[in-house]
Amino acid sequence: MTLANLRTHYTADIVPEKVKDGATVTLAGWVHEVRDLGGICFVVLRDREGRAQVTLVKKKIDRELFKAARKLVRESVISVTGSVKFEEKAPNGYELIPEKIKVLNLAASPLPMDTTGKVEAELDTRLDSRFIDLRRAEALAVFKIRHQVLQAIRKFLVEKGFLETATPKIVATATEGGTALFPITYFDREAFLNQSPQLFKQILMSGGFDRVFEIGPIFRAEEHDTRRHLNEATSIDIEVSFADHFDVMEILENLVAYTYTQVLENCKSSLEILGVELKVPQTPFKKLSYEEVLEIVNSRSDEKMQWGDDLSSQAEHLIGQYVFETTGESHYFIIDWPTEIKPFYAMPYEDKPKYSKSFDMMHRTMELSSGAQRIHLPELLKSRIESQGMDPEGFDFYLKTFEYGMPPHAGWGMGCERFVMTMLGAENIRDTVLFPRDRRRLSP
RNA sequence: GUCCGGAUGGUGUAGAGGCCUAUCAUGGAGCCCUGUCGAGGCUCCGACCCGGGUUCGAAUCCCGGUCCGGGCGCCA
């Protein structure tokens with residue numbers, strides 16, 4: 001005995017090309033709405049792919065079935081067997097004339113929030129009742145697009161010869177220092193949740209994997225409190241051997257453009273639901289050097305930046321605006337950052353070691369990715385760790401791999417949520433995560 | 001961490017010391033209605049974050065707390 005008889009089709013499968021008029025089908029889903037007009041009653045059934053109208057005419061249908069239908073409780077789970085009637089008056093061009101309506105699980109009422117879009121709920125309310133919130137067409141659309149983004153990224157990278165990898169999330173030491181880590185208990189030892197796969201993907205270069213990518217969670221214990229930060233995020237990381245920063249920038253910009261194209265092609269209805277008109281970014285992206293950025297900020301704002309300062313939010317917006325005005329594009333790179341404000345593994349230029357072969361990929365509104373050619377020379381790496389005030393001893397497991405044949409390599413990491421957020425123009429990054437973890441929220 | 005703002009039925013809101021046994025919408029219960037698609041009509045139900053204070057009188061003013069939102073810092 002299976003439950004297969006509870007559903008033969010999704011609502012979106014009922015089209016004249018696939019289903020004959022009058023055919024018997026079974027749909028399963030949630031009671032989206034019941035519109036009772038007296039002599040006729042419409043039940044709107046919703047599933048993952050859309051909605052279907054179940055139509056009951058009082059005079060033409062079993063009395064008990066009619067009575068039961070008009071009493072259906074919204075958001076209950078039902079399975080409806082009936083005959084398909086293609087009908088212009090019905091939404092989607094068809095309606096279902098039911099023979100049997102099975103209530104599989106009754107929903108309590110009132111609901112914690114509205115699912116029809118009549119009354120908008122606040123983000124906090126929505127996240128508290130995420131299971132209901134996800135039933136909204138807009139929420140589902142975001143995650144269908146997120147799915148497409150990840151699929152496109154995998155497809156793009158696999159076609160370029162990348163191996164998908166998975167590195168540990170439980171680690172013994174910090175990746176880069178600086179960022180706060182979540183400590184955990186690992187049997188009788190202290191361990192941490194990893195803030196980045198950085199060190200491990202580099203080890204894979206020494207392992208001869210040449211081109212790897214990983215899409216996985218990263219954890220940051222920073223107490224930031226903004227619309228664009230999460231304490232658990234999804235990082236999209238690549239690392240490439242025998243490549244420099246320009247090589248991996250090219251991969252990145254092409255990846256971004258390809259992903260936009262794929263979403264545009266495969267997520268039409270989701271984009272429509274969200275009211276998003278996607279424009280595929282033009283490649284290559286504009287490249288501004290850190291020096292140029294300093295000049296632009298200092299000439300266009302009261303804020304005075306010193307060489308060696310990181311970009312403030314205000315400066316980021318200013319540059320984003322500048323690029324948008326001059327190129328009409330939202331994406332750009334900032335390259336050649338001072339070595340001292342980038343992580344220790346960023347490769348300094350041989351002829352001007354104060355500058356590093358590093359870059360950030362920016363969206364008009366925020367930073368999306370950062371990357372660099374990495375240091376592959378063990379002595380240089382050790383001295384860089386020391387000059388950032390860290391003890392190389394803690395990095396033994398990492399440094400060892402540089403002693404026995406580490407190729408030159410480069411890579412980047414991009415925040416998946418920020419990528420989706422900027423793509424869709426979402427106001428809050430939490431909207432792009434199923435169950436966001438932020439400073440205050442630990443459940444659901 | 002810091003600065004600013006907020007908290008009223010299940011949800012979203014109106015409210016500026018007495019017109020408040022609190023507005024409107026949505027929702028829930030019930031009734032009417034044969035083509036709805038944010039259906040419509042009628043009746044009913046349901047709320048002032050917590051603790052102190054000011055005042056004859058507090059949803060409204062003050063103090064403390066809790067929670068939420070936004071900016072900045074930091075970062076992806």
Side-chain angles (χ1 to χ4, degrees), chain A residues 32-44 51-61 66 70-71 73-75 85 87-93 95 107-129 132-133 136-137 175-176 178-180 195-198 217-237 303 309-317 341-343 360-363 365-371 412-422 427-430 432 438-441:
Chain A
H32 186 67
E33 270 188 298
V34 178
R35 280 192 276 272
D36 176 11
L37 277 68
I40 189 167
C41 175
F42 303 102
V43 174
V44 181
R51 294 175 199 165
Q53 174 165 288
V54 179
T55 303
L56 301 97
V57 177
K58 194 175 186 178
K59 283 183 183 163
K60 294 189 187 170
I61 210 146
F66 188 83
R70 48 187 302 225
K71 292 286 173 210
V73 176
R74 292 175 56 196
E75 295 303 323
K85 185 178 162 201
E87 166 63 67
E88 266 186 44
K89 280 186 282 188
N92 306 327
E95 55 193 13
S109 82
L111 297 162
M113 55 174 283
D114 169 54
T115 54
T116 62
K118 288 176 197 161
V119 182
E120 296 246 322
E122 287 183 12
L123 182 60
D124 194 52
T125 307
R126 294 202 282 111
L127 292 176
D128 281 342
S129 300
I132 290 272
D133 181 49
R136 292 165 48 246
T175 305
E176 308 173 20
T179 312
Q195 64 179 100
S196 156
Q198 181 61 32
I218 54 169
F219 306 90
R220 311 244 162 133
E222 286 154 9
E223 298 191 1
H224 37 220
D225 205 357
T226 78
R227 294 185 293 159
R228 57 184 193 284
H229 285 96
L230 293 164
N231 293 294
E232 179 177 352
T234 307
S235 183
I236 301 156
D237 271 88
E303 186 192 339
D309 286 348
D310 211 337
L311 287 188
S312 66
S313 297
Q314 201 206 353
E316 259 179 29
H317 289 135
I341 57 172
K342 281 290 166 186
D360 282 0
M361 200 259 296
M362 311 291 295
H363 180 268
T365 50
M366 72 189 76
E367 181 183 337
L368 290 184
S369 166
S370 68
W412 46 253
M414 173 163 68
C416 170
E417 287 80 14
R418 285 190 174 186
F419 188 34
V420 173
M421 182 188 180
T422 51
E427 299 259 305
N428 196 309
I429 198 165
R430 294 167 181 90
T432 66
D438 60 42
R439 175 74 186 87
R440 300 187 183 91
R441 184 172 289 278

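Residue numbers start from 1 in every chain, and the chains themselves are labelled A, B, ... in the order their sequence lines are given, proteins ahead of strands.
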Sugar-phosphate only, base, or nothing, as touched by [X] at under 4.0 Å among non-hydrogen atoms:
X	result
Thr226(A)	base
Glu95(A)	base
Glu417(A)	nothing
Ser369(A)	sugar-phosphate
Arg51(A)	nothing
Gln314(A)	nothing
Asn428(A)	sugar-phosphate
Leu368(A)	sugar-phosphate
Glu232(A)	nothing
Lys58(A)	nothing

Between [N] ([atom2]) and [X] ([atom1]): distance, integer Å:
X	N	atom1	atom2	answer
Leu56(A)	C33(B)	CG	P	17 Å
Asp360(A)	C74(B)	CG	P	14 Å
Phe42(A)	G35(B)	CZ	P	8 Å
Phe66(A)	C33(B)	CZ	P	11 Å
Glu367(A)	C74(B)	CD	P	12 Å
Ile40(A)	C33(B)	CD1	P	14 Å
Leu123(A)	G12(B)	CG	C1'	15 Å
Glu75(A)	U11(B)	CD	P	16 Å

Thr55(A) side chain N/O closer than 4.0 Å to the phosphate oxygens (OP1, OP2) of U36(B)? no
Taking 4.0 Å as the cut-off, does a side-chain nitrogen or oxygen of Arg227(A) come that near to OP1 or OP2 on G71(B)? yes
Check nucleotides 30-32 of chain B for protein N or O atoms closer than 3.5 Å to its own N or O atoms and list the pairs.
none

Base paired to [N] (Watson-Crick or G-U; both N/O distances under 3.5 angstrom):
N	value
G5(B)	C68(B)
G18(B)	C56(B)
G30(B)	C42(B)
C37(B)	none

Listed by chain and number, what are the salt bridge (Lys or Arg N to Asp or Glu O under 4.0 Å) partners of [X], not counting sequence neighbours?
X	value
Asp309(A)	none
Arg136(A)	Asp133(A), Glu138(A)
Glu367(A)	none
Arg430(A)	Asp438(A)

Whole-angstrom distance between G6(B) and C48(B), as gauged at atom C1': 14 Å
With P as the reference atom in both, quote the distance from U55(B) to C62(B) in angstrom, rounded to an integer. 16 Å
Comparing Leu311(A) and Val57(A) on RNA chain B - which has the more 5′ nearest nucleotide: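 Going by which nucleotide is closer to the 5' end, it is Val57(A).
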Return whichever of His224(A) or Ile218(A) has its heavy-atom-nearest nucleotide of RNA chain B closer to the 5' end.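 On the 5' side of the pair lies His224(A).
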For residues 51-61 of chain A, the salt bridge (Lys or Arg N to Asp or Glu O under 4.0 Å) pairs (sequence neighbours left out) are none
I'd like to know if Arg441(A) reaches the base of C68(B) with its side chain such that a donor and an acceptor end up less than 3.5 angstrom apart.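 Counting by modelled atom types and ignoring angles, no donor-acceptor contact under 3.5 Å is found here.
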In 5'-to-3' order, the base (B), backbone-only (S) or no-contact (-) status of each nucleotide in nucleotides 42-50 of chain B, using a 4.0 angstrom heavy-atom cut-off, is ---------
Go through the structure and list residues passing side chain to side chain donor-acceptor pair (under 3.5 Å) with Thr226(A), not counting sequence neighbours. His229(A)
Among residues at least two apart in sequence or on other chains, which ones pass side-chain contact (heavy atoms from CB on, under 4.5 Å) with [X]?
X	result
Leu311(A)	Val293(A), Met305(A), Ala315(A), Glu316(A), Ile334(A), Trp337(A)
Lys89(A)	Glu87(A)
Pro110(A)	none

Would you check if the side chain of Thr234(A) reaches a backbone N or O of Pro217(A) as a donor-acceptor pair within less than 3.5 Å? no
Mind running a 4.0 Å heavy-atom check of residues 111-119 of chain A against RNA chain B and sending the residues that fall below it, in number order?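 Within this stretch, Leu111(A), Pro112(A), Lys118(A), Val119(A) sit under 4.0 Å of the strand.
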